[in-house]
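Naming convention: chains lettered A, B, ... in sequence-line order (proteins, then strands); numbering from 1 in each chain.
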Amino acid sequence: MQSLQKIKSRFIPLRIENVDTDQIIPARFLKATTKEGFGKNLFRDWRYENDDETKPKADFVLNQKQFSGEILVAAKNFGCGSSREHAAWSIQDYGFKVVVSSFFADIFKNNALNNGVLPVTVSDAFLQAIFAEGADATLSIDLEKQIITIDSTGASESFEINAYKKTCMLNGYDDIDYLLSMKEEIEQFELNHNK
Amino acid sequence: MGKTIFDKIWDKHVVKIIEGGPSVLYIDKHLIHEVTSPQAFSGIEKRGAKLFRPKQIVATADHNVPTINQHLPISDQLSKFQVDTLIENCKKHGVELYGLGHPNQGIVHVIGPELGITQPGMTIVCGDSHTSTHGAFGSIAFGIGTSEVEMVFASQCVMQTKPKVMRINIEGSLQNGVVSKDIILYIIAKISASGATGYFVEYAGSAIRALSMEARMTICNMSIEMGARGGIIAPDETTYAYMKGRPFAPQGENWNKKLTDWKELYSDADAKFDFEININASDIDPMITYGTNPGMGLSVTGKVPTMDSISDPTEKQNFEKALAYMGLEAGQSLLGMPVQNVFIGSCTNSRIEDFRLVANIIKGKQKNPSVKTLIVPGSQAVAKQIKAEGLDKVFTEAGIEIRQAGCSACLGMNEDKIPAGEYCISTSNRNFEGRQGAGARTMLVSPLTAAAALLTGKITDIRTMLN
């Protein structure tokens, strides 16, 4: 897993609530058996008319040239619905390292963290302050300090992340290495559990 | 202080609590399918690790399989490759597979309970958000991502932060024509598509106790649609009667021993919940969704909300977007609207009881000629039972074809899709944009309301068709 400590970047504002993982990556793209290449189909049906890559929808933010960056900012309840990790893979593959929202669905949040994409939960007011910024504005995120800042105004807010996951993100560790190292403890647990 | 049923089961499965972090939670049963497992198998192989407890894993092919001509090779090459990959992975790693053609094949959340794999007190995971279904048996069951599938492969454990616990009490009797799907659609409409995020939900009360196992599964199944990590119902005599004699249920002396343990699985009278909601069963009408998330639901006789009922500008914009997608107007009534498609199936409503409910309404009548149908049993066993009870004849005489088991038009991964712009009255669990096919307009309902639409070709209040 890729590590992440600090990032300063422009952002893409997605002012849509309840973005479900079917929108992030529609089911017809889940036939793949590898994790690569999902980025080109990120938000596929919001991005293109009639599934046609030569017809980008002008009103969708990923198609608006003035917006760019490694941070996606979305309205509340981002990543709800299906547990498909393909949603996190497509966000990462497109080039995002951070997703900011006022509220994340549980499974998506885990999936993002397991793929080195940092979910940053901010207050409604802070989210509105980000949305109020222009296309050239940048956000700075310091994971060690757990602080997100709107660089133009200096407005900042602290965000929550559990200490274990923070260490994993900062160092690029993953849970599977940790669990593999626990093999004996798990076998010991099983002796009592299966009685 | 007393404990909730959730706490009792959770605490028995904690191998270790990581300071300032999640718990390492032991998993009793791991269910897998073709779509969310291949990257986990290749991940474990890349690490040079082996599956830790392959005997605690059961696999089936359901999401990406055709629902006609299952005896023929799958014609879509990508789908065929994905299903073949599952077969190969299961063979290589010693995992029991109920693939196409096997009598135990079916939707993963239908076959687990039906085979007696799902049992009270267990922890159960699957790379599918509707794993919450199994909570109907008094188990902690929840959906996981593919990285977590790989964790369970590697260690039979997942890392989870303990959720808060909510109890929803539903007391009293349901109106005639109202079934468990209406209960859960009512709850989600009340608390929104994110109202239970961060919680595990226990469903309790006399209305829940009165439900069959199939009906309880429908409720737990949709817990995720309000953001909950899972749903749970304490086991009782209804649970044990359903389970007894099923192929993987404990037998003989072992059954009695397990039964004693299961009878301890209830929330103590003085258990504290982080949140509680009380609902009168008699307040619930047949429900239908009008928007693009399962929280956008109302009574079938109700009216779509008006713009002035919403104050937040982002919410207003989202509401307008949803209505534009659905081709509906704020304030309009839905009753009598023509529908072009009816889908009966999915892990929410594809069990034998659902087919009995529908058959009872359509018996001796003809399907409305303007309605196209996708009627899909949840498993080979359900399909067999439909024939054994002669329900297939009721459908055939009504002019309706019954297909073969799979997830089908619930998620539109195979060929079973709803055309753009058309309405689909659906017994499934999600009405997201494009869920049943690009541009498809899904309205979630109970099997009874779907049966009414089969006959009338319109959105109909089933209560007007009952005595």
Side-chain angles (χ1 to χ4, degrees), chain A residues 15-18 20-23 26-28 30-35 44-46 50-51 75-77 80-89 103-108 110-111 114-115 124 128 131 162-168 174-180 182-183 185-186 188-190 193, chain B residues 12-13 15-16 18-22 24 26 35-36 38-39 42-43 47 49 52 63-64 76 78-79 81-82 85 127-129 143-148 150-151 154-157 159 161 163 193-194 197-198 224-225 227 229 293 295 314-315 317-318 321 411-413 430 432-435 438:
Chain A
R15 263 176 243 239
I16 302 177
E17 293 176 350
N18 300 311
D20 59 78
T21 54
D22 272 83
Q23 307 316 314
R28 62 183 184 278
L30 308 190
K31 295 182 182 184
T33 52
T34 64
K35 294 183 184 180
R44 179 83 191 193
D45 292 334
W46 284 349
N50 304 320
D51 207 11
K76 72 178 179 204
N77 200 24
C80 61
S82 159
S83 61
R84 58 188 71 164
E85 195 161 312
H86 313 66
W89 299 335
F103 198 92
F104 287 94
D106 283 334
I107 305 180
F108 175 80
N110 277 349
N111 287 342
N114 286 334
N115 286 280
D124 282 324
Q128 291 317 318
F131 281 144
N162 75 52
Y164 167 80
K165 276 293 175 194
K166 181 175 166 178
T167 310
C168 289
D174 82 24
D175 289 350
I176 299 168
D177 295 330
Y178 185 92
L179 289 168
L180 283 169
M182 274 187 65
K183 197 172 166 212
E185 263 174 280
I186 296 166
Q188 201 57 42
F189 174 89
E190 283 179 322
H193 184 68
Chain B
K12 275 204 173 123
H13 289 82
V15 180
K16 181 179 179 176
I18 299 168
E19 214 181 310
V24 176
Y26 189 77
V35 177
T36 58
Q39 294 88 350
S42 48
R47 286 170 202 269
F52 185 61
H63 280 66
N64 192 11
D76 180 304
L78 281 175
S79 302
F81 184 72
Q82 194 173 51
T85 302
D128 188 279
S129 60
I144 55 177
T146 298
S147 294
E148 292 165 312
E150 191 178 335
M151 287 179 211
S155 66
Q156 205 55 35
C157 290
M159 310 272 245
T161 306
S194 58
T197 303
I224 182 72
E225 308 310 337
R229 209 65 191 81
N293 73 59
T314 312
E315 230 165 271
Q317 197 183 327
N318 282 287
K321 183 177 189 292
L411 84 163
M413 251 195 104
R430 290 191 171 132
F432 297 152
E433 284 185 31
R435 172 82 178 178

Looking only at B/Gly43, B/Gly412, B/Gly198, most heavy-atom pairs under 4.5 Å shared with chain A are made by B/Gly198

Out of B/Lys321, B/Gln156, B/Glu225, return the one with the most heavy atom pairs under 4.5 angstrom to chain A.
B/Lys321

Check this for me: does any side-chain nitrogen of one of B/Arg47 and A/Asp177 sit under 4.0 Å from a carboxylate oxygen of the other?
yes

Closest heavy-atom contact between A/Tyr164 and B/Gly21?
CB-CA, 3.8 Å

Between A/Leu30 and B/Asn64, is any pair of side-chain heavy atoms under 4.5 Å apart?
no

Within a strict 4.5 Å, meaning less than it, do heavy atoms of the B/Ile224 and A/Ile107 side chains meet?
yes

Any side-chain heavy atom of B/Thr197 sitting closer than 4.5 Å to one from A/Phe104?
no

Report which part of A/Asp51 has an atom under 4.5 Å of a heavy atom belonging to chain B: side chain, backbone, both, or neither.
neither

With a sphere of 6.0 Å drawn around CZ of B/Phe81, does it hold more than 12 non-hydrogen atoms of other residues, nucleotides or ligands?
no

Any side-chain heavy atom of B/Thr314 sitting closer than 4.5 Å to one from A/Gln128?
yes

Turns out that what part of B/Thr146 lies under 4.5 Å from chain A's heavy atoms comes down to both

Counting heavy-atom pairs closer than 4.5 Å to chain B, which one of A/Met182, A/Arg28, A/Lys165 comes out on top?
A/Met182

Reported CE-to-CG distance for the pair B/Met151 and A/Leu179, which is rounded to 0.5 angstrom
6.5 Å

Just wondering, do A/Glu190 and B/Phe52 contact through their side chains at under 4.5 Å, heavy atoms?
yes

Okay, B/Ala154 and chain A: the region with an atom under 4.5 Å from a heavy atom over there is both

Could you tell me which portion of B/Leu411 (side chain, backbone, both or neither) has an atom closer than 4.5 angstrom to a non-hydrogen atom of chain A?
both

Atom pair CD (A/Glu17) and CG (B/Asn318), whose distance is rounded to the nearest 0.5 Å:
4.5 Å

Which bit of A/Phe108 is near chain B, if near means a heavy-atom gap under 4.5 Å: side chain, backbone, both or neither?
neither

Scanning both residues in full, the closest heavy-atom pair of A/Ser83 with B/Ser129 reads OG-N, 3.2 Å

What residues form a ring-ring contact (aromatic ring centres under 6.0 Å, His included) with B/His63, not counting sequence neighbours?
B/His33

Which residue out of A/Cys80, A/Ala105, A/Ala163, A/Gly81 racks up the most heavy-atom pairs below 4.5 Å with chain B?
A/Gly81

Determine the option with the most heavy-atom pairs under 4.5 angstrom with chain A, choosing from B/Lys12, B/Arg430, B/Arg229.
B/Arg430

To the nearest 0.5 Å, what is the distance between CG on A/Asp20 and CZ on B/Phe432?
4.0 Å

Could you tell me which residues satisfy ring-ring contact (aromatic ring centres under 6.0 Å, His included) with A/Phe189, sequence neighbours excluded, listed by chain and number?
A/His193, B/Tyr26

In short, A/Ala32 meets B/Pro38 closest at the heavy-atom pair O-CG, 4.4 Å

Among B/Gly227, B/Gly434, B/Cys157, the residue with the most heavy-atom pairs under 4.5 Å to chain A is B/Cys157

If you count heavy-atom pairs under 4.5 Å with chain A, which of B/Gln317, B/Glu19, B/His13 comes out on top?
B/His13

What I want to find out is whether A/Lys31 reaches B/Asp76 closely enough, with some N-O distance under 4.0 Å, to be called a salt bridge.
yes

Are B/Glu315 and A/Lys76 ion-paired here, with the side-chain N under 4.0 Å from a carboxylate O?
yes

Are B/Ile144 and A/Glu85 packed together at the side-chain level, in the sense that at least one heavy-atom pair is separated by less than 4.5 angstrom?
no

Select one option (side chain, backbone, both, neither) describing which atoms of A/Asn77 are under 4.5 Å from chain B's heavy atoms.
side chain

Turns out that what part of B/Val15 lies under 4.5 Å from chain A's heavy atoms comes down to both

Who wins among B/Gly295, B/Ser155, B/Ser147 for the most heavy-atom pairs under 4.5 Å with chain A?
B/Ser147

Please name the pair of heavy atoms, one in A/Asn111 and one in B/Gly145, separated by the smallest distance, quoted to 0.1 Å.
OD1-CA, 3.2 Å

Would you say B/Glu433 and A/Asp45 make side-chain contact, with heavy atoms under 4.5 Å?
no

At what distance, to the nearest 0.5 angstrom, does NE2 of A/His86 lie from OG1 of B/Thr36?
7.0 Å

Between A/Asn110, A/Thr21, A/Asn18, A/Asn50, which residue shows the highest count of heavy-atom pairs closer than 4.5 Å to chain B?
A/Asn110

Below 4.5 Å from any heavy atom of chain B, which atoms of A/Thr33 appear? Answer side chain, backbone, both or neither.
both

